[in-house]
Amino acid sequence: IDSVIPLQSRELWKKHEVKKFNNGDEFQRKFIQHVETTLARSLYNCDELAAYEAASESVRDNLIIDWNKTQQRVTARDPKRVYYLSLEFLMGRALDNALININTGDEGDETSREMISDAVEQLGFRLEDVLDQEPDAALGNGGLGRLAACFVDSLATGNYPAWGYGLRYQYGIFAQKIIDGYQVETPDYWLNLRNPWEIERSEIQVRISYYGHVHREQGSSTLSPSSWIGGEQVLAVAYDMPVPGFKTTTVNNLRLWSAKPTTEFDFAKFNDGDYTNSVIDQQRAESITAVLYPNDNFESGKELRLRQQYFWCAASLHDILRRFKKSRKPWKELPDQVAIQLNDTHPTLAVVELQRILVDLEKLDWHEAWEIVTRTFSYTNHTVMQEALEKWPVGLIGHLLPRHLEIIYDINWFFLHDVEKKFPKDVDLLSRISIIEESSPGRQVRMAHLAIVGSHKVNGVAELHTELIKTTIFQDFVNIYGAGKFTNVTNGITPRRWLRQANPQLAQLISETLEDKSDRYLLEMSRLTGLAKYADDLEFQKRWDDVKYHNKVRLADLLCRLNGGVDVISRDHIRDTLFDIQVKRIHEYKRQQLNIFGVIHRYLSMKEMLAEGASIQQVAAKYPRKVSFFGGKSAPGYYMAKLIIHLINSVAAVVNNDREIADLLKVVFVADYNVSKAEVLIPASDLSQHISTAGTEASGTSNMKFVMNGGLIIGTVDGANVEITREIGEENIFLFGNLAEDVEELRYKHRYHNVPLPETLSRVLSVLESGAFSPENVSEFQPLVDAVRQHGDYYLISDDFESYLASLALVDDVYHNQRSTWLRKSILSVANVGFFSSDRCIEEYAETVWNVEPIRET
Ligand code: CR6
């Protein structure tokens with residue numbers, strides 16, 4: 001919107017310019033103003049929730065002032081911009097993060113988190129309780145969505161002119177309840193409370209069409225400009241979330257689209273006298289952005305999901321191009337002004353939509369348009385697993401988006417044509433790489449192929465993963481395009497949230513030790529190497545250990561609160577109890593079943609020792625104190641994952657109530673694992689488990705979070721574990737199991753030979769079959785047994801079981817008998833974790849994929 005304020009009035013505007021609060025007093029004034037006017041409450045009825053809202057509104061005011069300036073600065077300079085398209089942004093809470101970022105590092109900026117904490121306390125509240133009022137913005141499933149959230153944080157921190165684009169789901173990922181040991185899903189209607197972190201842009205609306213038909217001049221081909229006369233129409237309305245950077249005034253934007261009905265009416269229906277039904281029909285438009293699909297690493301191919309994808313791609317592209325057009329540059333310069341990153345294949349329709357806009361609306365020649373498209377897009381792959389690779393039935397796309405299907409066919413035709421010239425007569429190759437899969441019952445569009453063909457760069461998310469995509473699922477494309485198109489950008493995490501915010505005690509110890517009062521290390525993580533020289537310092541080790549102890553107590557407190565004030569774990573021995581944590585989505589490939597089988601093995605072995613007359617001290621010497629924590633959601637329709645959850649809870653019920661083992665072993669399933677719970681769980685871990693079948697976990701990112709918080713890792717040689725080992729040193733990580741390169745052969749053996757199981761695992765499975773953990777339904781866990789014994793043990797539980805147990809035994813020994821060695825490992829891990837900052841990761845994208853530069857305040 002261009003300014004309409006006459007010049008002579010502008011002085012007045014500047015005189016009344018809105019100012020940020022800059023000290024506790026000014027913050028309090030804003031706070032009270034918001035309590036009284038925004039919330040229409042007062043001193044007499046301001047509870048913690050109102051305090052949270054008023055504090056958020058006040059902080060938001062500061063952010064918005066910087067947000068405006070950032071946008072003005074970028075508009076004035078008009079540099080190349082980055083757009084990160086992600087169907088998921090798992091943001092978590094915003095207030096604490098904003099408080100950590102509130103000091104811009106500028107001269108004269110007196111604000112700080114401590115200042116606000118004091119100011120809030122003077123007003124009669126504890127900051128921690130106020131922060132606890134905020135619901136998580138849980139618009140994502142797992143790693144992919146949280147990665148996008150870390151990326152927007154690092155983009156703002158690095159002062160990149162970058163926007164995120166996503167959907168404003170009314171229901172985020174479901175809340176998980178555990179009832180009788182089973183997962184029960186309940187809806188997460190997170191917008192129930194007013195959301196102070198979004199700005200509704202009701203003036204920014206984009207009209208989105210579906211269905212209808214394509215019209216063209218007689219005799220012209222699908223390559224020439226065509227008009228798509230859409231049938232159904234809905235509106236996309238923008239909601240903006242400010243994303244503040246750390247120690248900078250840059251506040252970037254995350255734009256989320258929400259679906260609304262158009263204001264026009266279906267006159268045919270109206271005239272039929274069916275006014276009410278006509279309104280109801282219109283109302284259905286809102287269902288497009290109603291709910292986040294709750295699958296992680298699995299595609300279900302539902303029509304509504306495709307509608308979501310197009311809605312979001314079309315609205316975002318429209319917005320991006322509108323901004324580009326303001327600079328009046330020719331279309332061929334689009335790739336010099338705009339980089340669009342496809343987070344997985346979910347936004348691949350944007351490739352087709354841009355081609356459609358350029359050919360049909362802007363009347364560019366097909367090939368000229370296609371050159372622009374491919375130079376604009378780049379694509380990140382996040383999995384090699386077949387069941388997670390998106391494919392859409394041709395019929396469905398043709399029905400919903402008839403013109404787009406024509407364009408996909410034409411893209412494919414030119415692509416196959418070029419390949420055929422290069423590799424004549426390789427019919428097999430052509431059918432392997434085709435964007436269209438000729439499968440029964442019908443043809444499907446392979447979105448990954450379309451994304452590769454439509455992008456100039458394709459990246460994997462960890463070195464091993466990138467190597468795997470280049471040699472397996474995308475091998476043909478490497479032969480066609482050359483290896484240069486494929487690159488690796490190892491994932492990262494933001495140290496602001498995952499160290500400073502989640503672990504204030506450790507952050508404090510680090511800044512003190514590094515004599516880094518202003519926390520520069522959170523920007524330059526290589527400074528952490530300065531901790532290494534204290535790795536053997538016993539006094540420092542003690543302080544390090546105290547922080548961990550504090551965080552373990554904090555977790556015990558949280559669990560107690562969630563359990564209605566009753567302790568879940570005993571307070572008596574927290575310092576000598578190993579907190580062993582596996583939290584992530586429940587998935588067979590992530591192998592929570594391996595973990596729980598290990599727990600059962602431990603329990604059976606303890607019982608066996610006792611039965612053979614050993615004393616409890618002797619048992620404790622071999623199996624010292626440990627709590628096994630599990631947490632994570634299963635997709636609602638994923639039978640095996642739900643069974644694993646029930647098994648964990650069933651084992652917990654038996655083990656936790658067995659007086660004989662005297663609290664030496666406990667099993668805890670933490671319900672409803674989410675970002676805020678992660679912020680408490682991760683800092684409390686002594687050990688965490690990242691034990692996927694080698695070659696299946698593309699990267700993993702919680703592994704990085706645990707290491708950043710001084711936890712040690714037990715893991716397979718998979719995903720980013722490989723690079724974590726390289727960075728922190730192999731003596732500081734517990735690796736076990738078969739390698740990715742051996743997986744195929746092992747699976748083959750299981751399929752065609754009768755491979756005997758190790759005795760240890762055999763015993764566990766037999767006890768499961770006996771119904772010891774499911775007395776009411778003896779065969780309940782049979783499917784988990786059969787997966788190993790009868791169905792080829794696809795996830796190689798049996799092949800890795802023994803080395804897993806050996807590794808766990810080593811963990812016990814070092815933790816309980818060589819605590820100083822353990823602490824040394826922990827300190828050295830943190831000292832060398834710097835590589836995994838998402839700031840490094842974003843810099844790599846900026847340089848090697850996007851070709852964009854930061855815009856700093858001058
Ligand atoms: N499920 C990978 O499985 C990776 C993230 C982010 C995943 C995980 O290993 O760390 O992406 N893949 O790159 C997909 O979502 C398809 C994930 O989170």
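Atoms within each ligand, like the ligands themselves, are counted from 1 in listed order. What you are looking at is a predicted structure, and each value in this text was computed from that prediction instead of being measured.
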Exercise. For Asp153 and Arg497, what are the C-alpha separation, side-chain angles and deciding distance, and is it a salt bridge (charged side-chain N to carboxylate O under 4.0 Å, His left out)?
Worked result: CA-CA 9 Å; Asp153 180 279; Arg497 182 175 294 263; over 6 Å; no
For this session: Within a distance under 4.0 Å of any heavy atom of Tyr589, pick out the atoms of ligand 1 and give their elements.
Result: 3 (O)
Exercise. Of all the atoms in ligand 1, which lie at a distance below 4.0 Å from a heavy atom belonging to Asn491?
Worked result: 6 (C), 10 (O), 13 (O)
Problem set entry | Verdict with reasoning, Glu353 to Tyr310, per side chain to side chain donor-acceptor pair (under 3.5 Å) | CA-CA 9 Å; Glu353 176 73 354; Tyr310 179 66; 2.9 Å; yes
Exercise. Out of Asn297, Thr696, Thr380, whose heavy atom is nearest to atom 1 (N) of ligand 1?
Worked result: Asn297
Just need the protein heavy atom nearest to [atom], so name the residue and atom and give the distance.
| atom | answer |
| --- | --- |
| atom 8 (C) of ligand 1 | Glu697 OE1, 3.4 Å |
| atom 13 (O) of ligand 1 | His382 ND1, 2.6 Å |
| atom 18 (O) of ligand 1 | Leu144 N, 2.9 Å |

Centroid-centroid distance, [X] to [Y], less than 6.0 Å:
| X | Y | result |
| --- | --- | --- |
| His587 | Phe298 | no |
| Phe151 | Tyr84 | yes |
| Phe477 | His449 | yes |

With respect to [X], determine whether any N or O atom, backbone or side chain, lies less than 3.5 Å from an N or O atom of ligand 1.
| X | answer |
| --- | --- |
| Asp344 | no |
| Ala698 | yes |
| Thr383 | no |
| Gly700 | yes |

Exercise. Going by atom types only, do Thr701 and Asn491 share a side-chain donor-acceptor pair under 3.5 Å?
Worked result: no
Exercise. Just by distance, with hydrogens left out, do Asn459 and Thr380 show a side-chain donor and acceptor under 3.5 Å apart?
Worked result: yes
For this session: Measure Phe298 to ligand 1 on non-hydrogen atoms and call it side chain, backbone, both or neither using the 4.0 Å cut-off.
Result: neither
Exercise. Which word best sums up how the rings of Trp257 and Tyr165 line up, parallel for under 30°, tilted for 30 to 60°, or perpendicular for over 60°?
Worked result: parallel
